[in-house]
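A short worksheet on the structure shown next.
In each ligand, atom 1 is the first atom listed, and ligand 1 is the first ligand listed.
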Amino acid sequence: MMIDPISGFSKLTKEEKIDWLSSTYLKDSQNAPQILKQYWNPDSSLQQLHEEFTENTLSNYYLPFGIAPNFMINGFRYAIPMAIEESSVIAAASKAAKFWGKRGGFKAEVLGTQKIGQVHFIYSGEKEKLVNFFRKVKPELLEAVEPLVRNMKKRGGGVTGIELRDKNEALGGYFQLHCTFETKDSMGANFINSCLERFAESFKTAAEKHEAFSATEKDIEIVMSILSNYVPDCLVRAEVSCPVEDLADHGLTGEAFAGKFVRALKIAETEPFRAVTHNKGIMNGIDAVVLATGNDFRAVEAGIHAYAAKDGKYTSLTHADVRNGQFRFWMEIPLALGTVGGLTGLHPLSKIALEILQKPSAEDLMKIVAVAGLAQNFAAVKSLITTGIQQGHMKMHLMNILNQLQATPEEKEAMVEHFKKHNVSHSAVEEALENLRS
Ligand code: MEV
């Protein structure tokens, strides 16, 4: 059946939108409207706040909001908030935190905080004339964004550079204004994009009046003005280290454990199929904290994966070695985060998350997020080279399987007890539950 387009959908009330969906796409589902409404918050102002984050909101989509305690980072003990649905992530982070808490904790350091944005434009003419024009117009561009930059300057930020870049070889007539920014505790997306659009406008207007340009040269075409989510100079490093003998685990000597661990990382460094999964494990920790603190996880994901391929081949973000009897495990990643602005102060849970983290600066949050990623990776690789991943994973997944099989609270209790001594798999749970029920 062909479905007719609907106009004015965004103007309908929430109820009307649900009615339309029910009669159009959910005809066979008796209780879809009820399920959607079940997640409405009874506090109407809180509900409205969520609805106003975006367009066409029908309901709220819950994710568990949990805590991984005992993270010692640069000598301070944090409890890290995480928003994530994957069963084993918080347990793994907590385990890694405990493990490294006994071995000196995590060290983290911000290596740079530079953000980037670009005005992409087409210029057809003599390059030297464009270079001279840019030299002349640059102070005017900075002047044009002065009203936008004033508050940011008070906080110690602002525009830190504008460069003319020639990309003509890649695409005929393509040039850029490559701009750098310091945005202090805000992620800065709106600030950067507003500055870029103002640069573009002033640049084009000034070109139209530039006497040395011919008529064609005056006609600069602005293609787009947008920040880059690739921020290789907004960089943070997280590290752990300890004497090799302190790594003894699962019947392995410290030396054997370190050897296996370093080799697993070498595999992720050399083999892209493994690197992607290895880095996905890192992102389990990173995304969970980024989301809990109201930051943009898509931006973070895009930037970090680009960084993982910066040398032309996708590789591991973490590295490990053993030198003079000392095991080291570290990671450097780009992270553009904010602790003011955006959703951070708007979403009540992001606010709480930041309070739990002792109201960190953006730099502090970069360190915490990087540590969460490193810890997650340590936990995953440790399991992979010892017990295998499924043991812990399936144990944490048991409740999901029991819920799928609609186990009662009493059945759940009995099953949790039973699976303390048995391996969890979907079929094993099904069978054990059947036995219990019969
Ligand atoms: C699962 O979400 C993440 C892992 O696959 C990561 C890894 O393999 O390193 C366990």
Side-chain angles (χ1 to χ4, degrees), residues 63-68 71 80-100 106 238-240 247 249-250 252 256-292 297-298 300-305 307-309 313-321 327-333 335 369-401 403-404 423-426:
L63 282 179
F65 177 94
I67 280 288
F71 266 96
I80 301 189
M82 299 177 116
I84 184 132
E85 86 301 346
E86 191 172 325
S87 344
S88 51
V89 168
I90 296 187
S94 308
K95 264 192 180 171
K98 198 167 160 196
F99 184 96
W100 284 105
F106 294 82
E239 180 177 327
V240 284
L247 289 173
D249 190 61
H250 281 90
L252 293 172
F257 179 94
K260 276 172 169 280
F261 195 96
V262 170
R263 200 176 46 200
L265 263 78
K266 292 278 171 250
I267 290 175
E269 282 166 4
T270 178
E271 165 57 51
F273 281 96
R274 171 58 199 148
V276 172
T277 317
H278 179 92
N279 291 347
K280 188 273 182 187
I282 296 170
M283 299 315 292
N284 278 343
I286 290 179
D287 282 346
V289 190
V290 170
L291 201 55
F297 63 92
R298 288 84 58 209
V300 164
E301 282 274 349
I304 290 183
H305 290 296
Y307 192 76
K313 182 181 163 195
Y314 191 90
T315 183
S316 168
L317 291 160
T318 53
H319 307 281
D321 66 12
F327 169 80
R328 269 190 333 149
F329 173 49
W330 73 96
M331 170 172 77
E332 280 177 18
I333 47 164
L335 271 177
V369 168
V371 163
L374 190 74
Q376 204 66 45
N377 186 231
F378 180 78
V381 175
K382 182 170 180 283
S383 294
L384 287 168
I385 61 169
T386 53
T387 57
I389 206 75
Q390 282 309 82
Q391 196 186 80
H393 201 74
M394 291 310 283
K395 223 172 213 145
M396 299 307 299
H397 195 51
L398 174 61
M399 225 18 102
N400 290 342
I401 304 175
N403 280 329
Q404 262 173 29
N423 284 340
V424 180
S425 71
H426 200 282

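The single protein non-hydrogen atom nearest to atom 5 (O) of ligand 1 is Thr277 CG2, 3.5 Å, given as residue, atom name and distance. For atom 8 (O) of ligand 1, the closest heavy atom belonging to the protein is Arg274 NH1, 2.9 Å.
Considering backbone and side-chain N/O of His278, none are found under 3.5 Å from N/O of ligand 1. Checked by distance only, ligand 1 and Lys280 come closer than 3.5 Å through their nitrogen or oxygen atoms.
For ligand 1, the atoms sitting less than 4.0 Å from at least one non-hydrogen atom of Glu86 are 1 (C), 2 (O), numbered in the order shown with element in parentheses.
At a heavy-atom distance under 4.0 Å, only side-chain atoms of Asn284, from C-beta outward, approach ligand 1. With a 4.0 Å cut-off on non-hydrogen atoms, Leu384 touches ligand 1 through its side chain and not its backbone. If you look at Gln376 next to ligand 1, there are no close heavy atoms at all, none under 4.0 Å.
Looking only at side-chain heavy atoms (C-beta outward), Pro272 and Lys313 come within less than 4.5 Å of each other.
With respect to the salt-bridge test (charged N to carboxylate O, under 4.0 angstrom), the residues Lys266 and Glu269 qualify.
With Gln376 contributing its side chain and Ala92 its backbone, the two residues share no donor-acceptor pair below 3.5 Å. A side-chain donor-acceptor contact under 3.5 Å links Glu271 to the backbone of Phe273. Judged by distance alone, with hydrogens and angles left aside, the side-chain atoms of Asn403 form a donor-acceptor pair with the main-chain N or O of Met399 at under 3.5 Å.
Between the side chains of Thr387 and His250, no donor N or O sits under 3.5 Å from an acceptor N or O.
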